[in-house]
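A short worksheet on the structure shown next.
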Amino acid sequence: MVQARIESVLVRRPTLRTAFPPDFAARLEGRTVTAVARRAKYLLVSVASGDTLVMHLGMSGSVRIEPGADAGDSEADPHDHVVFALSNRRLVIFNDPRRFGLMDVVATVDLGNHPTIGGLGPEPLSAEFDGYALARACAGRKITLKAALMDQRIVAGLGNIYVSEALHVARLSPHRLASTIATPAGLPRASAHRLAAAIKLVLERAIARGASLTYRGSRFQVYDREGARCRRRGCGGIVRRRTQAGRSTFYCRECQR
DNA sequence: ATTGAGACCTGTCGGC
DNA sequence: TGCCGACAGGTCTCAA
């Protein structure tokens, strides 16, 4: 998309999780894309006029590319909600069956003030995210480790699957209080360093694998493996499932403390 | 400050 | 085979 001009924007369905801004298409049409980036789970497409297209895939969203000059050229899938026709004769098609996704246009300079994007915590794979940062954010917090890692303000971009996975790699119970990985002064205990490293490892491995959306059948250590044997060498525990805040958490009682 | 429940909406899967 | 309920990767808001 970078360097290409957005020739036209076809909105087939103007409501996902929230309604699109009324001037959505007008603010993008005729603009040249200057940068494509990602922050947490938000996709950011900046255009030369100083606006940024913000997209979120929700739970079931995807983007695909097709050749074509006109938005009407794309194959009609009932869940293709937005089609961007580019000057390089490619169509960028946003598809989201469940419509939990999000589509917005905001002034690029205001991204930092955006209610959710502005408050996002550090990117987990960045150098600024480490045991120190994690301990600082968790110090004194009376929430469980699971809730802490799901909180995008503490660390950005982890979801239900990789929270379970990271806690397993770090051998930490999802039910432990977040405050226990830090000293009262907010300095990291060994567990904080372990957890930060586990988060990075789990994400790097997932990305290297292609982080396929076809998560079923993947080789997760604990996620979606209730009743199965813990994969940790020499552990032999049984993976449990418990609901926390309405979401399934998978963990091994034997090796996660 | 923190938790829990419910809402958004559709598809898929397991059980009967 | 067909129907029906349970459940799903993510936010967001409201009540307690």
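Every chain is numbered from 1, with letters handed out A, B, ... down the list of sequences. The shown structure was predicted, so the numbers you read here are calculated from the model rather than taken from an experiment.
Between A:R99 and B:dA7, a side-chain N or O to OP1/OP2 separation shorter than 4.0 Å is absent. Taking 4.0 angstrom as the limit, A:S248 places a side-chain polar atom (N or O) nearer than this to OP1 or OP2 of C:dA8. The side chain of A:Y162 places no N or O atom within less than 4.0 Å of a non-bridging phosphate oxygen (OP1 or OP2) of C:dG9. One finds no side-chain N or O of A:H79 lying less than 4.0 angstrom from the OP1 or OP2 phosphate oxygen of B:dC9.
Nucleic acid contact for A:R98: base, since at least one base atom lies under 4.0 Å from a heavy atom of the residue. Using a 4.0 Å heavy-atom criterion, one finds that A:T18 contacts no nucleic acid atom at all. Residue-level contact check: A:S164 touches neither bases nor backbone, having no heavy atom under 4.0 Å from any strand.
The 12-atom threshold is not exceeded at OH of A:Y132, counting heavy atoms of other residues, nucleotides or ligands nearer than 6.0 Å. Counting non-hydrogen atoms of neighbouring residues, nucleotides and ligands closer than 6.0 angstrom, the CZ atom of A:R153 reaches no more than 12 such neighbours. A 6.0 Å sphere centred on CZ of A:R90 holds no more than 12 heavy atoms belonging to other residues, nucleotides or ligands. Around CZ of A:R229, the count of heavy atoms belonging to other residues, nucleotides or ligands within 6.0 Å does not exceed 12.
A straight line from CG of A:D96 to P of C:dA8 spans 18 Å, rounded to a whole angstrom. A:L57 places its CG atom 18 Å from the P atom of B:dC9, with the value rounded to the nearest Å. Rounded to a whole Å, the CZ atom of A:R153 is 9 Å from the P atom of B:dT2. Atom CD1 in A:I143 sits about 12 Å away from atom P in B:dG4, given to the nearest Å. Taking atom CG on A:L203 and atom P on C:dG9, their separation rounds to 16 Å, with Å as the unit. Rounded to whole angstrom, the span from the CG atom of A:N95 across to the C1' atom of C:dG9 amounts to 15 Å. What separates CE of A:M59 from C1' of C:dA8 is a distance of 6 Å, to the nearest Å. A:E226 places its CD atom 16 Å from the P atom of C:dA6, with the value rounded to the nearest Å.
Of the candidates B:dT2, B:dC9, C:dG9, the closest approach to any side-chain atom of A:F100 belongs to B:dC9. Set against B:dG4, B:dT2, C:dA8, the side chain of A:A245 has B:dG4 as its closest nucleotide.
Remark: the separation of the P atoms in B:dG6 and C:dA6 is 14 Å, to the nearest Å. With P as the reference atom, C:dT11 and B:dA1 are 22 Å apart, rounded to whole Å. The P atoms of C:dG9 and B:dG14 are separated by 16 Å, rounded to the nearest whole Å.
Here the closest non-hydrogen pair linking A:R31 and A:A26 is NH2-O, 4.0 Å.
Salt bridge present: A:R38 and A:E123 bring a charged side-chain N and a carboxylate O closer than 4.0 Å. A:R64 and A:E66 are joined by a salt bridge, as a carboxylate oxygen and a charged side-chain nitrogen come within less than 4.0 angstrom of each other.
Note that A:R98 lies in the cation-pi zone of A:F100, set by a 6.0 Å cut-off to the ring centre and a 45° limit from the axis.
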Atom pairs under 3.5 Å: protein N/O with N/O of nucleotides 11-13 of chain C:
unit_1, atom_1, unit_2, atom_2, d
C:dT11, OP1, A:H56, NE2, 2.7
C:dT11, OP2, A:K41, NZ, 2.6
C:dT11, O3', A:R17, NH2, 3.2
C:dC12, OP1, A:R17, NH2, 2.8

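Along DNA chain B, the nucleotide closest to A:G246 and the one closest to A:G140 are compared, and the more 5′ of them pairs with A:G140.
Taking a pair to require two hydrogen-bonding distances under 3.5 Å in either a Watson-Crick or a G-U wobble arrangement, C:dG9 remains unpaired.
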